[in-house]
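One structure is given here, and the rest of the page talks about it.
Both backbone and side-chain heavy atoms feed into the values below; hydrogens, waters and symmetry mates do not.
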Amino acid sequence: MKKFVLLTLAIVLSFTLIASATDTRVMTLGQVNNIVKDDANVFLYPSTINFYNDMVVAEVDGLDFFRFGAHYNLGEDNGVVGLYFDKCGIVLDPAFQPDNWFGDGVIDNRLQLIYGRPIGDNYLGVGLNFFSDSYVSEADGDDTEEKNLAFGIDVGLTMLEEKLDFAVGFMMGPNWTYIDAAGDDVTEPDGNMGINLGGRYWYEFNDEVMFVPHLGFDYMTAGVKDLGKVTDMTFDLGWGVNITPADNVLMLFDFGITYGTEKNDPEVGDATTDTEMTLPYFKGGLEGDVFDWWDVRFGAVKYWNSESVEDTYKAGWSDTHTYLGSGLHFGNLDIDVWMDPDFALNGPYFVSGNATAMAYQASLVYNIP
């Protein structure tokens with residue numbers, strides 16, 4: 001049980017460090033947010049918000065309208081501010097945190113703000129994330145107190161004539177106070193924090209080929225007092241390629257490796273080390289226009305995975321993900337969709353009589369004139 005609790009906490013914290021919900025276009029091109037220029041880059045490199053101003057973004061999936069955001073240009077030399085409203089809170093695990101008095105099981109996302117501005121010939125960006133909720137009983141004889149808090153900051157810099165993007169991030173938490181009705185601590189956090197680094201370089205090989213080497217590093221520690229700690233470290237190194245063989249056609253490839261270790265140090269019982277590696281991963285995608293108002297997209301990802309758990313087992317396997325996407329353009333409105341493959345086979349209901357959903361997810365971007 002201890003190992004399960006600590007592993008869950010590690011997964012939750014590493015998810016908050018990523019802090020980037022998938023944009024439909026870059027996902028359907030094969031999960032290539034790091035090697036293609038798109039407004040979704042602002043969640044990886046906050047400084048890129050300087051290049052995506054005066055726009056409104058809506059993200060919708062099969063369950064909800066889960067994100068709304070807007071970028072506003074404050075004027076020459078004053079920068080760009082981006083404000084997002086989303087429903088992507090940090091998921092709680094009642095095994096070590098309170099079962100959330102509000103009943104939704106997540107720490108509320110109260111603020112997601114990105115600000116960027118030029119600094120000489122370079123561009124600076126800062127992203128802020130704040131998660132919080134609380135409940136304190138004021139009834140006689142009831143000392144119940146439940147509070148949750150997490151705070152993240154990301155700083156990015158674009159320089160060398162916009163060829164180099166770099167970002168560093170820090171996450172504090174999730175931390176909590178969990179006191180029962182008798183006034184006793186049920187669980188207490190133990191040094192939960194994380195840092196992440198990322199960078200990429202745009203190297204123009206010729207008029208048709210752009211190389212994009214990139215790297216990333218994540219480190220986090222998460223623990224519960226009297227239960228133990230998990231320390232997780234991940235390193236990613238890749239080489240991306242953008243190819244434009246013809247006007248309005250883009251081909252993308254990415255090749256890389258990911259190496260990670262997770263060390264579990266329980267207060268009681270044996271410590272374990274879990275080593276995971278993806279060697280290599282392959283990503284590929286294509287985007288091309290059919291008409292001025294319609295683009296088609298295809299993407300795929302292949303991971304060669306291996307895992308070794310100390311004194312327990314070794315395993316190797318592969319994961320493959322494929323995507324079918326489409327982009328529609330109507331004046332200032334762009335609509336990107338992650339299409340359900342069944343829709344491509346069955347067509348709309350009035351043709352086949354099969355009530356197939358057209359898409360799993362959609363992104364709508366309105367560019368303010």
Between Tyr84 and Phe43, is the gap from one ring center to the other below 6.0 Å?
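Here the rings of Phe43 and Tyr84 have centres that are less than 6.0 Å from each other.
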
Examine Trp293 together with Phe291 and report whether their ring centres are nearer than 6.0 Å.
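Ring-ring flag for Trp293/Phe291: true, centres closer than 6.0 Å.
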
Please report the interatomic distance [atom1]([X]) to [atom2]([Y]), rounded to the nearest 0.5 Å.
X      : Y      : atom1 : atom2 : value
Leu111 : Phe151 : CG    : CZ    : 8.5 Å
Ile335 : His329 : CD1   : NE2   : 10.0 Å
Glu307 : Thr312 : CD    : OG1   : 9.5 Å
Asp334 : Asp295 : CG    : CG    : 8.5 Å
Ser47  : Asp154 : OG    : CG    : 11.0 Å
Tyr72  : Ile49  : OH    : CD1   : 13.5 Å

Between [X] and [Y]: side-chain donor-acceptor atoms closer than 3.5 Å:
X      : Y      : answer
Tyr52  : Asp38  : no
Asn33  : Asn41  : yes
Asp254 : His214 : yes
Lys314 : Ser308 : no
Trp304 : Thr278 : no
Glu59  : Ser363 : yes

Evaluate the side chain to side chain donor-acceptor pair (under 3.5 Å) criterion for residues Asp274 and Asn264: first the C-alpha distance (whole Å), next the side-chain angles of each, then the deciding distance (0.1 Å), finally the verdict.
CA-CA 8 Å; Asp274 182 355; Asn264 177 12; over 6 Å; no

Is there a donor-acceptor pair closer than 3.5 Å between any side-chain N or O of [X] and the backbone N or O of [Y]?
X      : Y      : result
Arg110 : Ser132 : yes
Asn242 : Ile35  : yes
Lys302 : Lys283 : no
Tyr123 : Met159 : no
Asp185 : Glu188 : no
Asn148 : Ile107 : no
Ser137 : Ala139 : yes
Glu310 : Thr273 : yes
Asp218 : Thr234 : no
Thr144 : Asp142 : no

Could you walk me through whether Val26 and Leu29 satisfy the side chain to side chain contact (heavy atoms under 4.5 Å, CB included) test, starting with their C-alpha distance in whole Å, then the side-chain angles of each, then the deciding distance to 0.1 Å, before giving a yes or no?
CA-CA 5 Å; Val26 296; Leu29 285 172; 5.7 Å; no

Other members of the hydrophobic cluster containing Trp317, with the 4.5 Å side-chain heavy-atom rule, please.
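The other cluster members (ILVMFWY side chains, heavy atoms under 4.5 Å, direct or chained): none.
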
Members besides Val249 in its Ile/Leu/Val/Met/Phe/Trp/Tyr cluster (side-chain heavy atoms under 4.5 Å)
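Besides Val249, the cluster holds no residue at all.
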
Run the side chain to side chain donor-acceptor pair (under 3.5 Å) check on Asn109 and Asp86 step by step: do they pass?
CA-CA 7 Å; Asn109 186 347; Asp86 69 40; 2.8 Å; yes

Before you tell me yes or no, could you show the steps for Asp108 and Ile90 under side chain to side chain contact (heavy atoms under 4.5 Å, CB included), namely the whole-Å CA-CA distance, both residues' side-chain angles and the distance that decides it to 0.1 Å?
CA-CA 7 Å; Asp108 300 328; Ile90 299 176; over 6 Å; no

Hey, any chance [X] and [Y] share a hydrophobic cluster, counting ILVMFWY side chains that come within less than 4.5 Å of each other, even indirectly?
X      : Y      : result
Val296 : Leu324 : yes
Ile153 : Ile119 : yes
Tyr135 : Ile179 : no
Phe166 : Phe170 : yes
Leu227 : Trp176 : yes

[X] with [Y]: basic N within carboxylate O range, under 4.0 Å:
X      : Y      : result
Lys263 : Asp232 : no
Asp64  : Lys87  : yes
Arg200 : Asp165 : yes

Beyond-backbone contact of [X] with [Y], side-chain heavy atoms, under 4.5 angstrom:
X      : Y      : result
Glu262 : Thr272 : no
Phe298 : Glu287 : no
Met251 : Pro245 : yes
Val36  : Leu250 : yes
Asp319 : Asn305 : yes
Pro46  : Val126 : no

Kindly indicate, with the supporting measurements, whether the criterion side chain to side chain donor-acceptor pair (under 3.5 Å) is fulfilled by Thr24 and Gln361.
CA-CA 7 Å; Thr24 307; Gln361 181 174 310; 3.2 Å; yes

If every non-hydrogen atom of [X] is compared with every non-hydrogen atom of [Y], which pair is closest and at what distance?
X      : Y      : answer
Thr158 : Glu162 : CG2-CA, 3.7 Å
Ala362 : Val337 : CB-CG1, 3.9 Å
Asn332 : Pro369 : ND2-CG, 3.4 Å
Ala150 : Met171 : CB-SD, 4.3 Å
Tyr281 : Gly238 : OH-CA, 3.9 Å
Gly79  : Asn73  : O-OD1, 3.5 Å

Quick one: which residue pairs count as a ring-ring contact (aromatic ring centres under 6.0 Å, His included) with a foot in residues 227-265, not counting sequence neighbours?
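Only Phe211-Trp239, Phe255-Phe282 qualify under ring-ring contact (aromatic ring centres under 6.0 Å, His included).
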
Side chain to side chain donor-acceptor pair (under 3.5 Å) for Asn53 and His71? Distances and angles first, verdict last.
CA-CA 5 Å; Asn53 51 54; His71 299 180; over 6 Å; no

Tell me whether Arg25 forms a cation-pi arrangement with Tyr323, defined as NZ or CZ under 6.0 Å from the six-membered ring centre and within 45 degrees of its axis.
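Relative to the ring axis of Tyr323, which defines the angle, Arg25 lies outside at least one limit.
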
Flag if over 12 foreign heavy atoms under 6.0 Å of CG, Asp292:
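For Asp292, atom CG is not crowded (no more than 12 foreign heavy atoms under 6.0 Å).
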
Could you point out which residue of Asn50, Thr48, Asp23, Val80 forms a side-chain contact (heavy atoms from CB on, under 4.5 Å) with Val42?
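The passing option is Thr48.
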
Please verify the inter-ring angle class for Tyr203 with Tyr201; under 30° counts as parallel, over 60° as perpendicular, anything in between as tilted.
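Correct class here is parallel.
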
